[in-house]
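We number each residue from 1, following the sequence as shown. Hydrogens, waters and symmetry mates play no part in the numbers below; they use all other heavy atoms, side chains included. Just so it is clear, the structure is predicted and the values come from calculations on it, not from any experiment.
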Amino acid sequence: MTKQNPFRYFKTSPEIIHLAVMMYVRFPLSFRNVEVLLHERGIDICHETVRYWWNRFGPLFANEIRKKRIFPSQNYSNWCWHLDEVFVKINGETHYLWRAVNHEGEVLEDFVSRRRDRNAALKFLKKIMSRNSSQFKLQRNAALAKWRQIGAA
């Protein structure tokens, strides 16, 4: 089965669609600002067209960008993730929101717990490491060793 071209029913070239969507995503511009910038380049489109393209092709372009990302390896030393803990009130009760955030600011996993103790932290760490095992192969042993050294909070 061959992949179908997602641009097959559009009169506008894929390069222009890609340019308009990436201008909107990459820079803090409104749809009307993108329309004006493209009009200055000689491309006459409506801001609603940019909105439609963004809704239709935004996820497609995001998937392409994620595929091209550098995945963590032994050669890529800048890859890291952080554990974030936030106190939140849900229906008047204090809960603890645990989040794992990577070096690009993308939330890898989140976990809400009523208790703030070692068992909740270990449960969250095991959950995130099992779901993202390809990313954590190198750091798994180091992280667990540090947790053993720290002891219960």
Side-chain angles (χ1 to χ4, degrees), residues 1 3-7 10 14 16-38 45-153:
M1 189 174 191
K3 279 190 174 181
Q4 294 180 353
N5 183 7
F7 304 101
F10 292 90
I16 292 174
I17 295 172
H18 190 268
L19 175 67
V21 171
M22 293 312 288
M23 284 173 77
Y24 177 73
V25 171
R26 176 65 180 94
F27 303 106
L29 300 174
S30 67
F31 294 127
R32 292 185 188 268
N33 289 343
V34 173
E35 175 190 4
V36 169
L37 287 173
L38 291 176
I45 58 168
C46 178
H47 67 279
E48 282 297 315
T49 306
V50 177
R51 185 191 61 79
Y52 177 74
W53 289 344
W54 176 70
N55 285 334
R56 172 102 185 231
F57 298 109
L60 177 74
F61 296 151
N63 288 337
E64 289 177 8
I65 290 170
R66 283 190 194 104
K67 286 179 186 175
K68 292 179 183 177
R69 277 187 186 161
I70 299 173
F71 288 105
S73 66
Q74 291 178 345
N75 299 332
Y76 188 58
S77 62
N78 291 334
W79 194 87
C80 64
W81 61 278
H82 302 279
L83 183 65
D84 183 24
E85 179 186 17
V86 180
F87 299 91
V88 294
K89 283 203 173 196
I90 302 173
N91 293 332
E93 295 181 26
T94 301
H95 289 73
Y96 304 97
L97 172 66
W98 303 73
R99 295 184 303 176
V101 182
N102 69 1
H103 68 284
E104 294 177 340
E106 185 177 339
V107 177
L108 299 175
E109 191 68 42
D110 52 2
F111 178 73
V112 177
S113 173
R114 288 186 179 187
R115 296 185 178 160
R116 181 181 179 234
D117 58 357
R118 181 181 176 156
N119 291 337
L122 287 176
K123 184 177 178 181
F124 175 67
L125 283 173
K126 287 177 183 177
K127 179 181 174 184
I128 187 167
M129 287 185 183
S130 67
R131 288 196 179 171
N132 299 297
S133 62
S134 64
Q135 296 176 350
F136 291 109
K137 277 184 180 176
L138 301 175
Q139 298 182 1
R140 176 180 232 147
N141 294 334
L144 289 176
K146 285 182 183 179
W147 273 94
R148 287 187 192 113
Q149 291 174 357
I150 293 172

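The CG atom of L97 lies 7.5 Å from the CG atom of D84; values are rounded to the nearest 0.5 Å. How far CG of D117 is from NZ of K123: 10.5 Å, rounded to the nearest 0.5 Å. Summarising the geometry, atom CH2 belonging to W98 is positioned 8.5 Å from atom CZ belonging to F124; distances are rounded to the nearest 0.5 Å. To the nearest 0.5 Å, atoms OG1 (T94) and CZ (R114) are separated by 11.5 Å. The CG atom of D110 sits 7.0 Å away from the NZ atom of K127 when rounded to the nearest 0.5 Å. With rounding to the nearest 0.5 Å, the separation of CD in E109 from CG in L125 is 11.5 Å.
For the ring-ring contact (aromatic ring centres under 6.0 Å, His included) test, residues two or more places apart in sequence or in another chain that qualify with Y96 are F87. Applying the side chain to side chain donor-acceptor pair (under 3.5 Å) criterion to H18, with sequence neighbours excluded, gives no partner residue. Residues satisfying the side chain to side chain contact (heavy atoms under 4.5 Å, CB included) test with H47, not counting sequence neighbours, are F31, R32, E35.
Residue E93 comes nearest to H95 through the heavy atom pair O-ND1, 3.1 Å, listed as atom of the first residue, atom of the second, then distance. Contact detail for A20 and V34: the closest heavy-atom pair is O-CG1, 3.8 Å. Closest of all the heavy-atom pairs between V21 and F61 is CG1-CD1, 3.5 Å. S113 and F111 make their closest contact through CB-CE2, 3.8 Å (heavy atoms, listed as atom of the first residue, atom of the second, distance).
A 4.5 Å side-chain heavy-atom check between V50 and M23 finds every atom pair outside the cut-off. With a 4.5 Å cut-off on side-chain heavy atoms, I16 and I45 do not count as touching.
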Legend entry - Working for side chain to side chain contact (heavy atoms under 4.5 Å, CB included), residues W53 and Y24: CA-CA 10 Å; W53 289 344; Y24 177 73; over 6 Å; no
